[in-house]
Enquirer: 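Attaching a single structure in structure tokens format; questions to follow.
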Amino acid sequence: MAFPITYVDIKSCVMDKLHDIASRSKFNLCFQKIKMAMEITQFLLAAQSPDANVRTAAEGNLKQFQEQNLPSFLVSLSVELANDQKPPESRRLAGIILKNSLDAKESGRKEQLVQQWVAIDGGVKGQIKEMLLRTLGSGVAEARHTASQVVAKIASIEVPRKEWPNLIASLLSNMTQQESPATLKQATLETLGYVCEEISHQDLAQDEVNTVLTAVVQGMTLGNHGFEVRLAATRALYNALDFAQTNFENKMERDYIMKVVCETAMAAEEDIRQAAFECLVSISSTYYEVLEEYMQTLFELTSKAVKEDAEAVALQAIEFWSSICDEEIEIQEYGGDGSGHSCFIEKALTSLVPMLLETLLKQEEDQDQDDSVWNLSMSGGTCLGLVARTVGDAVVPLVMPFVQENIVKTNDWRCREAATFAFGSILEGPSEEKLSPLVNAGLEFLLNSMKDENSHVKDTTAWSLSRIFETLHSPARGFSVITPVNLPLIMAVLLESIKDVPNVAEKVCGAIYFLAQGYEDAGPSSSLLSPYLPSTISALLAATERTDTHDSRLRSSAYETLNEVVRCSNIVETANIISQLLPVIMTKLSQTMDVQILSTDDRVKQGDLQALLCGVLQVIIQKLSASEESKTVILQAADQIMMLFLKVFGCRSSTVHEEAMLAIGALAYATGSEFVKYMPEFYKYLEMGLQNHEEYQVCAISVGVVGDICRALDEKIVPFCDGIMSLLLSDLSNGVLHRSVKPPIFSCFGDIALAIGEHFEKYLAYAIPMMQKASEVCAQIDNDDEEMMDYGNQLRRGIFEAYSGILQGMKGSKADLLLPHAGHLLQFIELVFNDKTRDESVSKAAVAVLGDLADTLGPNLKVLFSDRVFYNEFLGECMESEDDQLKETAVWTQGMIGRVLVT
């Protein structure tokens, strides 16, 4: 008998089939993941293949695995790293990819990776962390080292969130278990050091800090451990010192830590001694105020190291005293006369200075050829300079006998160079009255030393001359060691010496730079340099063309000096000379377009030269535009100049784009409303600059150029504003763009509003919420973090400048549109007033916007001002400032508010 097939039977059959397909699909996907996990070793090895095709395919497989299932991918990498049976090459790459999955240099990308890790299932993260902790016991040193770094990266994310509460305990158990091998203890200490480096001292409870310090300090002791463990412990202490605030306040604990560090500084092994001195350098800055009772011991230790130890150790011993100087200079700058601090440098002066002077005689034969060289001589001279800044006049009588004795030793270049270096090093700190007689007496001798047979001596002499011109040549203040009598000799020597070997010529450029800079705003005195301008420009241009140098330092220095010579010249007397320089530089820039590019190196060189030439053009444009008579030169050449800049944008170098953008900003200022004719062609490059989030400096400069163009064009910028505002708003919302670009964007809103006035109405609904959101970010900034505090000040200033521009631009019939936002702005100003960490530029911007608010909205604000009386105290504080501009703005603002209140 046949059974009828019902709808239910068909549905059941179909559902079974679909379930079967789905199961097979899930199985296939699961199998694929397992297969990829099993093959990850092959992928990792192939990704390092010399064969590009193999390498590309493997990188594609790794990327596919990562994108399809990130948790499994990270687990597989941690398993690979933990397995001592796997090849070292695959483990190394596994560790690198793990690290790069957790951290990045760019802040926006870093935040993305953090959120990516946070979103992973806790059980999976637990597996990864367990594998990493297990890897610390690996027999392979590289695997242990990599695991230490990855553990610290995870800790940087999880410890502040209290998501890895047993990390410190897990690590410390490795130190307390007797059966733990030395390699595990070494890796554990290394991990503790990295963790301390990654997290804040606020992230650990005091009992955890105590246990970490105990383990680390015990790890440093000679009797208990071998070299590797003691070295790791000493390096870990360096990173843990920031956490030891409470411990350093306790005399007994502080004594013990200092005792162990000082003993370790005398260890038999050089690496450990170096690490111990690095700890002392850190202690000198972090715990300066408690060092008094240890200073005799520390002087003996550092003195012995400088005189007898290996260079790496001696350098750290000198750095200890440089650090002490830094602390005492800061106390003097921010603590009045510095009374009340320990004056360690002053007390040690008579012993410290001779020790440092001896190091100056330990030069290396080729140190003048390489600016990156850092040796005992360079370190000692730097420290001597800091000592001079710390104690001022007191250093001079201790140094001058060394200078006078050694500078005349004709048979030993080391003595002559050391004497000149010592003299140049003490030119900042002592008073003009103390130094002037010495410089006046020795200047001719130094100028003659530019003919010394030894290039080391000439190099240091040129540097010392630049220091003299930088510190003791300021005609604008009515003081200079350069006179109409000695200037001819000075110029003759410099213009001859710029032809010397490249490293000497580079230092001579520095001397000319500061010589010219001294005449800035010097009135009639600036005329002294005018007769030498043609020969100076010729000499600098010749230096840029030299082919006997292996790098571009001389060329860069010569162009930068040329910029300063032009910038500081007396425009009335030198306009014709600078006008003649303009076509020379334009021709040079044009010639760079025709250079044949055969390699990446060729393109870099072309870009560097174009950037330098754009920089010179910017300075020439600014200089000639400062006078109505000479501005005509720029106006006549503007079309050709702009054409060159547009050609430069065809290059892919971000450095060139920066310099060309800055020069275009100067050209916009010079040409004013006429610049509008260049906008159709230039706009696409401006757009590219505003979208360049990777090379954020280009983006920041492009934002600044928008402001320049707004000031030049006023309402003629309107046709381009929709695009510009859209890009600026997009930049503010972009999580990848470097935060330093965002404050200038707000300032730019103000520039645009000032330029286009009531046309800004259409952007209010987008700009104001962004500004209000940013003001809320300001309130959350951590003022304990100096970098964030600076950023907060920049952001607040940018927001205030935006409001000022908008208020002034909208003043008139559209002013009422801003009334709903007045309360929020007043509240923000009050918040900033109550924050005593604000800098003076923020105060200026806040007081100015307060006045603009009263001026634009008038009687409508009477109630608001009556309710918020903080401004009385704020304006009173500003009127007591030593800054005349701030006082003037405060008086104006007080008048504006007074007018509102009596209306």
Side-chain angles (χ1 to χ4, degrees), residues 325 329 345-346 349-350 352-361 377 380-410 412-452 456-494 497 507-508 510-515 517-518 525:
C325 287
I329 290 167
I345 299 299
E346 189 180 312
L349 200 60
T350 53
L352 179 60
V353 169
M355 178 183 83
L356 294 173
L357 290 171
E358 285 302 309
T359 66
L360 303 188
L361 293 161
S377 170
T382 302
C383 187
L384 184 61
L386 289 167
V387 168
R389 287 178 57 198
T390 307
V391 301
D393 288 356
V395 79
V396 176
L398 295 171
V399 172
M400 287 313 295
F402 176 87
V403 173
Q404 290 157 350
E405 178 188 346
N406 286 281
I407 206 160
V408 293
K409 290 187 176 176
T410 53
D412 191 339
W413 72 264
R414 291 181 184 277
C415 292
R416 299 196 304 280
E417 194 275 340
T420 311
F421 191 17
F423 187 62
S425 296
I426 63 166
L427 289 170
E428 185 182 0
S431 64
E432 291 171 350
E433 293 76 20
K434 190 77 174 176
L435 291 173
S436 296
L438 301 173
V439 171
N440 288 328
L443 185 57
E444 189 173 344
F445 188 95
L446 285 173
L447 291 169
N448 288 332
S449 295
M450 288 305 299
K451 298 171 187 165
D452 195 283
H456 288 275
V457 176
K458 288 186 286 188
D459 184 285
T460 303
T461 301
W463 171 80
S464 294
L465 287 169
S466 73
R467 293 272 291 165
I468 288 170
F469 301 154
E470 181 183 8
T471 56
L472 296 169
H473 168 50
S474 183
R477 292 193 296 112
F479 173 81
S480 179
V481 294
I482 299 174
T483 66
V485 176
N486 62 24
L487 183 59
L489 177 60
I490 290 170
M491 291 308 301
V493 169
L494 294 179
S497 298
K507 301 295 192 308
V508 171
I512 296 171
Y513 180 100
F514 287 116
L515 177 65
Q517 190 180 76
S525 295

Enquirer: Among pairs that include at least one residue of residues 434-448, which meet salt bridge (charged side-chain N to carboxylate O under 4.0 Å, His left out), considering only residues two or more places apart or in two chains?
Expert: none
Enquirer: Over all heavy atoms of both residues, which pair between Pro475 and Ser525 is shortest? Give the atoms and the distance, please.
Expert: CB-CB, 3.8 Å
Enquirer: Enter the distance from Leu427:CG to Thr471:OG1 here, rounded to the nearest 0.5 Å.
Expert: 5.0 Å
Enquirer: Return the OG1 to CG distance between Thr420 and Asn406, rounded to the nearest 0.5 Å.
Expert: 9.5 Å
Enquirer: So which atom in Phe469 and which in Ala511 form the shortest heavy-atom distance, rounded to 0.1 Å?
Expert: CD1-O, 3.3 Å
Enquirer: Looking only at heavy atoms, what is the nearest atom pair of Lys507 and Trp463, with distance?
Expert: CB-N, 4.1 Å
Enquirer: Inspect the surroundings of CD in Glu346 and state if more than 12 heavy atoms from other residues, nucleotides or ligands are less than 6.0 Å away.
Expert: no
Enquirer: I need the minimum non-hydrogen distance between Arg414 and Leu361, along with the two atoms involved.
Expert: O-CD2, 3.8 Å
Enquirer: Using only atom types and a distance under 3.5 Å, with no angle test, would you say the side chain of Thr359 pairs donor to acceptor with the backbone of Leu356?
Expert: yes
Enquirer: With a 4.5 Å limit on heavy-atom distance, are the side chains of Leu446 and Phe423 in contact?
Expert: yes
Enquirer: Could you tell me which non-hydrogen atom of Leu386 sits nearest to which non-hydrogen atom of Cys325, and how far apart they are?
Expert: CB-CB, 3.6 Å
Enquirer: Is there a side-chain contact between Phe421 and Leu384, using heavy atoms and a 4.5 Å cut-off?
Expert: no
Enquirer: Just how far is it from atom CD of Glu417 to atom OG of Ser449, taken to the nearest 0.5 Å?
Expert: 11.5 Å
Enquirer: Do the side chains of Leu465 and Ile490 get nearer than 4.5 Å, heavy atoms only?
Expert: no
Enquirer: I need the minimum non-hydrogen distance between Gly424 and Arg467, along with the two atoms involved.
Expert: O-NE, 3.0 Å
Enquirer: Checking the side chain of Asn486 only, and the main-chain atoms of Thr483 only, is there a donor and an acceptor separated by less than 3.5 Å?
Expert: yes
Enquirer: Between CG of Leu357 and OG of Ser425, what distance do you get to the nearest 0.5 Å?
Expert: 9.0 Å
Enquirer: Do Ile468 and His473 come close enough that some side-chain heavy atom pair is under 4.5 Å?
Expert: no
Enquirer: Under the rule for salt bridge (Lys or Arg N to Asp or Glu O under 4.0 Å), what residues qualify as partners of Arg389, not counting sequence neighbours?
Expert: Glu333, Glu428
Enquirer: Picking from Val395, Thr382, Ile426, Leu398, what satisfies side chain to side chain contact (heavy atoms under 4.5 Å, CB included) with Val387?
Expert: Val395
Enquirer: So does Trp413 get a backbone contact from the side chain of Asp452, meaning a donor-acceptor N/O pair under 3.5 Å?
Expert: no
Enquirer: How many angstroms lie between atom OG1 of Thr461 and atom CZ of Phe445, to the nearest 0.5 angstrom?
Expert: 9.0 Å
Enquirer: Kindly compute the distance separating CG (Leu447) from CG (Leu489), expressed to the nearest 0.5 Å.
Expert: 5.0 Å
Enquirer: Examine distances only and state if a side-chain atom of Asp393 and a backbone atom of Ser431 form a donor-acceptor pair shorter than 3.5 Å.
Expert: yes
